[in-house]
Amino acid sequence: MSPVAPPATPEQRILAAIRALPRGQVASYGVIALRAGLPGRARLVARILGHTGEAGLPWHRVLRADGRIAFPAGSAGWEEQIRRLQAEGVQVHNGRVRLPPVEASLDAALWAPR
DNA sequence: CTGATGACGGCGC
DNA sequence: TGCGCCGCCATCA
């Protein structure tokens, strides 16, 4: 591997972070942004998801910070995401998922000044 | 350049 | 838990 920092555009790193989500595990937009090295860029993650048409991308494992589906309740995307999550064994109640608490270190990183 | 928009997020009530 | 307000960012009209 090259000893230098990974090239990758922000978009590439975000997509990589999403692909890295194990089956049956979920994460918020903010956490994905953190893992991509882009603290506070949750909205960028959302835009990428809506724009990319990459096949096989586990987009359904990305939820809002409060554990709810980002799509409007009742919409086609909303139902599709719930279906996919439940197919992986994720418990979804009324469009909401129990997210594991964010670690203090990540919490600090999120609030750290840029 | 200005204002609106969105698969967001934190905070207050 | 629910709802509204505001901040932040990239894109678009």
Side-chain angles (χ1 to χ4, degrees):
Chain A
M1 306 321 139
S2 112
V4 297
T9 63
E11 175 171 346
Q12 287 181 307
R13 293 202 302 261
I14 288 174
L15 290 176
I18 296 175
R19 291 191 206 101
L21 285 176
R23 192 171 182 284
Q25 186 178 331
V26 298
S28 69
Y29 290 81
V31 169
I32 293 300
L34 272 178
R35 292 176 181 172
L38 301 167
R41 301 298 183 277
R43 298 194 87 143
L44 179 58
V45 175
R47 206 188 81 70
I48 299 301
L49 274 184
H51 223 53
T52 187
E54 183 176 309
L57 189 70
W59 56 269
H60 56 286
R61 295 174 192 153
V62 187
L63 309 168
R64 292 184 69 147
D66 56 10
R68 281 189 291 182
I69 303 292
F71 290 110
S75 65
W78 187 80
E79 293 184 3
E80 174 67 13
Q81 186 163 13
I82 291 177
R83 181 161 51 250
R84 291 191 181 215
L85 286 172
Q86 295 185 326
E88 304 188 347
V90 178
Q91 297 296 313
V92 184
H93 302 302
N94 196 21
R96 187 188 303 164
V97 172
R98 286 290 199 114
L99 284 181
V102 180
E103 294 141 55
S105 58
L106 293 181
D107 201 17
L110 184 60
W111 280 96
R114 286 183 292 108

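Numbered from 1 within each chain, the chains take letters A, B, ... in sequence-line order.
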Which residues satisfy the side chain to side chain donor-acceptor pair (under 3.5 Å) test with Gln86(A), sequence neighbours excluded? none

Acceptor/donor pairs from residues 67-76 of chain A side chains to any protein atom, 3.5 angstrom cut, sequence neighbours excluded:
unit_1	atom_1	unit_2	atom_2	d
Arg68(A)	NE	Asp66(A)	OD2	3.2
Arg68(A)	NH2	Asp66(A)	OD2	3.2
Ser75(A)	OG	Pro72(A)	O	2.7
Ser75(A)	OG	Trp78(A)	N	3.3

Can you sort out the partners of Arg23(A) under side chain to side chain contact (heavy atoms under 4.5 Å, CB included), two or more places apart, ordered by chain and number? Arg61(A), Glu88(A)

Separation of Glu80(A) atom CD from dA7(B) atom P, in whole Å? 17 Å

Just to verify, what does Arg64(A) make a side chain to side chain donor-acceptor pair (under 3.5 Å) with, not counting sequence neighbours? none

Ala33(A): partners by side chain to side chain contact (heavy atoms under 4.5 Å, CB included), with sequence neighbours left out: Arg41(A), Val45(A)

Taking salt bridge (charged side-chain N to carboxylate O under 4.0 Å, His left out) as the test, write out the residues that go with Glu54(A), two or more places apart. Arg19(A)

What would the secondary structure line of DNA chain C be in dot-bracket form, counting Watson-Crick and G-U wobble pairs under 3.5 Å, with [ ] for pairs that cross earlier ones and | for pairs with another strand? .||||||.|||||

Going by salt bridge (charged side-chain N to carboxylate O under 4.0 Å, His left out), name the residues that satisfy it together with Glu80(A), two or more places apart in sequence or in a different chain. Arg83(A), Arg84(A)

With a 4.0 Å heavy-atom cut-off, tell me which residues in residues 14-26 of chain A come close to DNA chain B, sorted by residue number. none

Give me the atom names and distance for the closest heavy-atom approach of Ile82(A) to Gly95(A). CD1-CA, 3.9 Å

DNA chain C contacts made by residues 43-75 of chain A, counting heavy atoms under 4.0 Å: Arg43(A), Arg47(A)

dG9(B) phosphate, OP1 or OP2: any side-chain N/O from Arg41(A) under 4.0 angstrom? no

Looking at every heavy atom in both Ala27(A) and Leu21(A), which two are closest together, and how far apart are they? CB-CD2, 3.8 Å

Nearest 0.5 Å, please: how far is CZ in Arg43(A) from CD1 in Ile48(A)? 14.0 Å

